[in-house]
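Atoms within a ligand are numbered from 1 in the order they appear, just like the ligands themselves.
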Amino acid sequence: MAKALEGVRILDMTHVQSGPTCTQLLAWFGADVLKVERPGVGDATRGQLRDLPDVDSLYFTMLNHNKRSITLNTKTESGRAIFERLIEECDVLVENFAPGALDRMGFSWERIQEINPRIIYASVKGFGPGPYEDCKVYENVAQCTGGSASTTGFDDGPPLVTGAQIGDSGTGLHLALGIVTALYHREHSGLGQRVTCAMQDGVLNLCRVKLRDQQRLAHGPLREYPQYPNGTFGSAVPRSGNASGGGQPGWVVRTKGWETDPNAYIYVITQAAAFPGLARAIGREDWLEDPEWNTPEARLPKLDRVFGEIERWTMTRDKFEIMAILNPLNVPCGPILSIEELALEPSLRATGTVVEVDHPARGKYLSVGNPIKLSESPSDVQRSPLLGEHTTEIMRDVLGYGDAEIEAARREGAIGSEDSEKAAA
Ligand code: CAO
């Protein structure tokens with residue numbers, strides 16, 4: 001079976017997390033992703049958060065599967081010429097440098113279009129046009145400036161960032177959609193286009209429901225927030241702790257073993273239709289006849305007591321047992337799964353969402369595979385490339401350079417020498 005993006009070639013100038021997430025997704029779908037890295041240095045994440053000395057970090061390997069690596073110094077004269085050849089041969093150029101970096105290398109959008117009018121030029125930046133457009137941005141900056149941090153956490157505590165990398169990986173995912181949309185558009189128009197995605201915008205898109213609530217707030221208190229009815233609302237959407245945010249009340253409650261296990265918790269949603277089953281399961285069938293408790297309206301002002309009663313029951317059982325009891329009753333619930341539990345979960349291994357990858361320098365490690373499954377287009381996970389591993393191969397097979405030209409480019413420092421790259425690794 002052919003991979004969905006077979007035949008698409010990506011000139012990958014990305015680094016750190018947001019851009020590499022995007023190009024990794026495209027690579028999983030079969031695109032030929034040529035990762036361009038500075039000779040002897042490479043993507044900074046190769047050396048960040050290393051768990052093993054002198055071996056590409058998990059940070060790098062887990063974001064750069066299925067790619068080929070070419071080292072190229074685009075700030076040398078022959079490096080620039082090679083870069084132009086790459087632009088000619090590729091369908092998409094993806095980058096997430098600090099604002100203006102590619103222009104400073106001599107490659108404005110106008111120049112890139114001149115070289116290849118069919119190319120799609122896709123970028124991640126921290127901010128869109130406006131007062132902050134020149135700022136460098138990392139994950140947590142985007143979470144804070146995109147509306148996530150101000151709405152995450154408890155009302156009486158500081159803003160919180162989340163573990164999910166919604167700024168980096170989230171924006172990479174948005175960018176990948178922009179790229180395949182532009183590729184589709186090119187089918188009719190024959191032309192490439194510029195695709196940009198700002199991390200602030202990507203995070204705000206994921207916080208869409210909070211902008212919904214901001215406007216609802218003008219018409220009265222947010223009844224599904226824990227501040228209702230006893231607390232106060234200010235002018236901005238407050239942090240809502242573990243409230244569900246949807247129309248159905250939910251909360252995190254402790255389960256058996258919580259005293260020592262930081263993840264002995266479960267999220268329980270008290271959906272109206274399933275409430276009778278839930279009340280019976282926790283031994284409070286008396287609520288079903290009592291007008292003080294038997295309607296969502298009656299329970300709303302005292303949800304803390306409802307969840308207090310639920311918790312009295314959940315604290316007597318472990319989170320998986322609770323899930324097994326509540327699911328047949330149609331009570332939506334989610335055990336708090338640790339990353340350790342997810343790593344060991346057989347069903348995630350079976351679907352390829354968690355995969356074991358073998359790497360020549362580090363041996364076997366676990367990674368998250370492609371979470372997007374296509375029925376007709378397989379997607380497998382191949383190890384990340386070593387720095388410059390495919391330099392000669394790409395120079396020869398993609399760009400058509402002969403041995404003498406490759407040697408000359410190496411002597412001029414436009415591409416890295418294989419030895420120096422091995423030493424840098
Ligand atoms: N050959 C020659 N020079 C190269 C090169 C190559 N192959 N690859 C990169 N460079 C140069 C760039 O041209 C740039 O040089 P100038 O500053 O002279 O223009 C320089 O390397 C460094 O690039 P940078 O400014 O992007 O890198 P940084 O480490 O200073 O900043 C980051 C990193 C992530 C803050 C910044 O790239 C950024 O804001 N990116 C956009 C937002 C983003 O994606 N953030 C998420 C990152 S993941 O948390």
Cationic N near anionic O, under 4.0 Å, [X] to [Y]:
X: Lys3; Y: Asp380; result: yes
X: Glu88; Y: Arg85; result: yes
X: Arg254; Y: Glu259; result: no

Between [Y] and [X], do the side chains contain a donor N or O and an acceptor N or O under 3.5 Å apart?
X: Ser78; Y: Glu412; answer: yes
X: Thr353; Y: Lys373; answer: yes
X: Asp12; Y: Thr23; answer: yes
X: Ser417; Y: Arg411; answer: no

So which heavy atom in the protein is nearest [atom], and how far is it from that ligand atom?
atom: atom 28 (P) of ligand 1; result: Lys136 NZ, 3.6 Å
atom: atom 40 (N) of ligand 1; result: Asn96 O, 2.9 Å
atom: atom 26 (O) of ligand 1; result: Ala98 N, 2.7 Å
atom: atom 45 (N) of ligand 1; result: Val137 O, 2.7 Å
atom: atom 8 (N) of ligand 1; result: Phe97 CZ, 3.6 Å
atom: atom 34 (C) of ligand 1; result: Tyr138 CE2, 3.9 Å

What part of [X] sits under 4.0 Å from ligand 1 if we count only heavy atoms: the side chain, the backbone, both or neither?
X: Asp168; answer: side chain
X: Met13; answer: neither
X: Thr171; answer: neither

Open item on the list: Could you check whether any heavy atom of Ser18 sits closer than 4.0 Å to an atom of ligand 1, since that is the contact criterion I want to use?
Closed with: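 The answer is yes: ligand 1 sits under 4.0 Å from a heavy atom of Ser18.
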
- [ ] Please confirm whether His15 comes under 4.0 Å of ligand 1, counting heavy atoms of the residue only.
- [x] yes

TODO: Tell me which one of Lys75, Arg104, Lys125, Arg38 gets a heavy atom nearest to atom 14 (C) of ligand 1.
DONE: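 Going through Lys75, Arg104, Lys125, Arg38 one by one, Lys75 has the nearest heavy atom to atom 14 (C) of ligand 1.
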
Task: Nearest option to atom 7 (N) of ligand 1, as decided by whichever heavy atom of Asp43, Asn73, Leu72, Thr74 sits closest - done: Leu72

- [ ] Decide salt bridge (charged side-chain N to carboxylate O under 4.0 Å, His left out) for Asp91 and Arg9; before the verdict, give the C-alpha distance in whole Å, the side-chain angles of both, and the deciding distance to 0.1 Å.
- [x] CA-CA 5 Å; Asp91 300 284; Arg9 185 166 278 150; over 6 Å; no

TODO: Starting from the C-alpha separation in whole Å, work towards a yes-or-no answer on salt bridge (charged side-chain N to carboxylate O under 4.0 Å, His left out) for Lys125 and Glu95.
DONE: CA-CA 9 Å; Lys125 295 288 166 260; Glu95 62 89 26; 2.8 Å; yes

Where ligand 1 meets [X] - atom numbers and elements under 4.0 angstrom, heavy-atom basis:
X: Val124; answer: 41 (C), 44 (O)
X: Val16; answer: 47 (C), 48 (S), 49 (O)
X: Gln17; answer: 48 (S)

Task: Plane angle bin for Tyr365 and His65 - parallel if under 30°, tilted between 30 and 60°, otherwise perpendicular - done: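 Taking Tyr365 first and then His65, their aromatic rings lie parallel (interplane angle under 30°).
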
